[in-house]
Protein chains: 2
Amino acid sequence: MDDLNVINALRLLQSAEELRARLAGEFSSVHGISVNEFFLLMQLRNAPKQRLSRTELAKRMHVSASTVTRMVAPMEKIGMVDRMIDDRDARLAFVVLTSAGQDRLSEALATFAKQAGYAFQDRWTDAEMKQFSALLFRLVAGTPANLT
Amino acid sequence: MDDLNVINALRLLQSAEELRARLAGEFSSVHGISVNEFFLLMQLRNAPKQRLSRTELAKRMHVSASTVTRMVAPMEKIGMVDRMIDDRDARLAFVVLTSAGQDRLSEALATFAKQAGYAFQDRWTDAEMKQFSALLFRLVAGTPANLT
DNA sequence: GCATAATGCTTGCATATGCAAGGAATATGC
DNA sequence: GCATATTCCTTGCATATGCAAGCATTATGC
């Protein structure tokens, strides 16, 4: 295990899982959403017109189309998102972020920022934060899923 | 979203998910194991005597104890791991890595190294790989789950 | 020593997810 | 224009996972 590629991949996956586990706990207890629901809302917020097709959401979130269908149903029921059929193509059922959904997302983002702070605070300097940001940008840049 | 903590946390989570999705595909088709099974084998390989209790595995893998129970059952059936009851404490049921499990893990590690190469190759210099490694080490250092 | 608490594991139930099939709408080849 | 293919979404089934309860074993308080 002296391969730096392997070491970095393992550390990347493990630190991400740690952070995700922490987020899951607070998202669930404080905001009543899952981490995946948070990411779904984030994708919508960053999309033009705050909307995306289910297929596009599936690709960006690395889940199947059926998962998106089933994730969206309860979110639609409580008004965080809306359904909107395309005028030209009746197959497309856009998922649209509602104002209630934006509010919920803003609250969750505060928790996200707090946890992100815990994760990096007192471990990295400002300069290192920028280094890390630049390095990771090369991994996520160009993917349509990139939220940053 | 000008908070560098938030940006870095998002990029960390997203790049990890991308890598994990790629690994899942090849692990499943080539080696017949899931990413989580791979990590379970990795934890055993790094443990003293190549064995851990189910509770310890659950903590390190950020899953519930029942998940470990259910993950281990089929792996035991095909001989990748063994069960071993502790002499002093009959509650403890260690999961032990077998030689067949080591072989399977070695093959999967080759795939892992290949995918890790794809992820970082042509994006980062050697110096940057070392920088990244050092930064991430501070995140995972000290956790018993750390595989590196 | 014994009653109670704590620990380690398993199991029933509920939820989450992927795959494959199906239905509806649109695109393509001719 | 029409038959066929493709695309988008949904649904049935199988698997994966967490939580809470239960069981067996060990630790603790007195």
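Chain A is the first sequence line, chain B the second, and so forth, proteins listed ahead of strands; every chain is numbered from 1. Everything quoted here is computed from the prediction, not taken from an experiment.
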Legend entry - Exam field: side chain Arg83(B) to backbone Ala93(B), donor-acceptor pair closer than 3.5 Å: no
Inset, instruction - Let me know the distance between CZ of Phe39(A) and P of dT17(C), rounded to the nearest Å. - result: 13 Å
Legend entry - Student check: side-chain heavy atoms of Gln121(B) and Asn5(A) closer than 4.5 Å: yes
Inset, instruction - Provide, to the nearest angstrom, the distance between the CG atom belonging to Leu57(B) and the P atom belonging to dG8(C). - result: 13 Å
Inset, instruction - Assess whether one donor atom and one acceptor atom, taken from the side chain of Ser66(B) and the base of dC19(D), lie less than 3.5 Å apart. - result: yes
Inset, instruction - Would you indicate what Ser64(B) reaches in the nucleic acid, counting non-hydrogen atoms under 4.0 angstrom: base, sugar-phosphate, or nothing? - result: base
Legend entry - Listed nucleotide nearest any side-chain atom of Ala90(A), set dT26(C), dC9(C), dC19(D): dT26(C)
Legend entry - Length of the CE-P vector between Met75(B) and dA16(D), whole Å: 12 Å
Inset, instruction - Output the distance between atom CG (Leu12(A)) and atom CG (Leu136(A)), rounded to the nearest 0.5 Å. - result: 7.0 Å
Inset, instruction - Send over the distance from Ile33(A) CD1 to dT15(C) P, rounded to a whole Å. - result: 19 Å
Legend entry - Options dG18(C), dC8(D), dT17(D), nucleotide nearest the side-chain atoms of Arg70(A): dG18(C)
Inset, instruction - Identify whether any heavy atom of Val63(B) sits under 4.0 Å from a base atom; if not, whether one sits that close to sugar-phosphate; answer base, sugar-phosphate or nothing. - result: sugar-phosphate
Inset, instruction - Please state how far atom CD1 in Ile85(B) lies from atom C1' in dC23(D), giving the value in whole angstrom units. - result: 14 Å
Inset, instruction - Kindly indicate whether the side chain of Phe132(B), heavy atoms from C-beta on, has any atom under 4.5 Å from the side chain of Leu4(A). - result: no
Legend entry - Check: Arg83(B) side chain, dG8(C) base, donor-acceptor under 3.5 Å: no
Legend entry - Distance in angstrom units between Leu40(B) CG and dT17(D) C1', rounded: 15 Å
Legend entry - Upstream residue (5' side of DNA chain C) when Asn36(A) and Lys59(B) are each assigned their closest nucleotide: Lys59(B)
Side chains of residues 111-120 of chain A: which donor-acceptor pairs under 3.5 Å do they make with residues two or more places apart or in other chains?
unit_1	atom_1	unit_2	atom_2	d
Thr111(A)	OG1	His31(A)	NE2	2.5
Lys114(A)	NZ	Glu26(A)	OE2	2.5
Gln115(A)	NE2	Glu26(A)	OE1	2.5

Legend entry - Interatomic distance, Asp86(A) CG vs dC8(D) P [rounded to whole Å]: 11 Å
Inset, instruction - Kindly say if Thr69(A) contacts the phosphate of dT11(D), meaning a side-chain N or O under 4.0 Å from OP1 or OP2. - result: no
Legend entry - Spatial distance of atom CD1 (Ile85(B)) from atom CZ (Phe94(B)) [nearest 0.5 Å]: 9.5 Å
Inset, instruction - Quick one: label Arg88(A) by what it contacts on the DNA or RNA (base, sugar-phosphate, nothing), any heavy atom closer than 4.0 Å. - result: sugar-phosphate
Inset, instruction - List in numerical order all residues of residues 19-27 of chain B for which some heavy atom is under 4.0 Å away from an atom belonging to DNA chain C. - result: none
Legend entry - Single hit among Leu57(A), Leu105(A), Leu52(A), Ile33(A) for side-chain contact (heavy atoms from CB on, under 4.5 Å) with Leu40(A): Leu57(A)
Legend entry - Listed nucleotide nearest any side-chain atom of Met71(B), set dT10(C), dT17(C), dT17(D): dT17(D)
Inset, instruction - Could you please name the option among dT10(D), dT26(C), dT25(D) that lies closest to any side-chain atom of Asp89(A)? - result: dT26(C)
Inset, instruction - With the side chain counted from C-beta on, respond yes when Leu41(A) and Met75(A) share a heavy-atom pair under 4.5 Å apart, and no when they do not. - result: yes
Inset, instruction - Could you check whether Ser53(B) gets within reach of a base, just the sugar-phosphate, or nothing at all, counting any heavy atom under 4.0 Å? - result: sugar-phosphate
Legend entry - From dG12(C), dG12(D), dC9(C), nucleotide with atom closest to Arg54(B) side chain: dC9(C)
Legend entry - Spacing of Phe94(A) atom CZ relative to dT7(D) atom P, expressed in whole Å: 17 Å
Legend entry - Presence of donor-acceptor pair under 3.5 Å, side chain of Arg91(A) and base of dG23(C): no
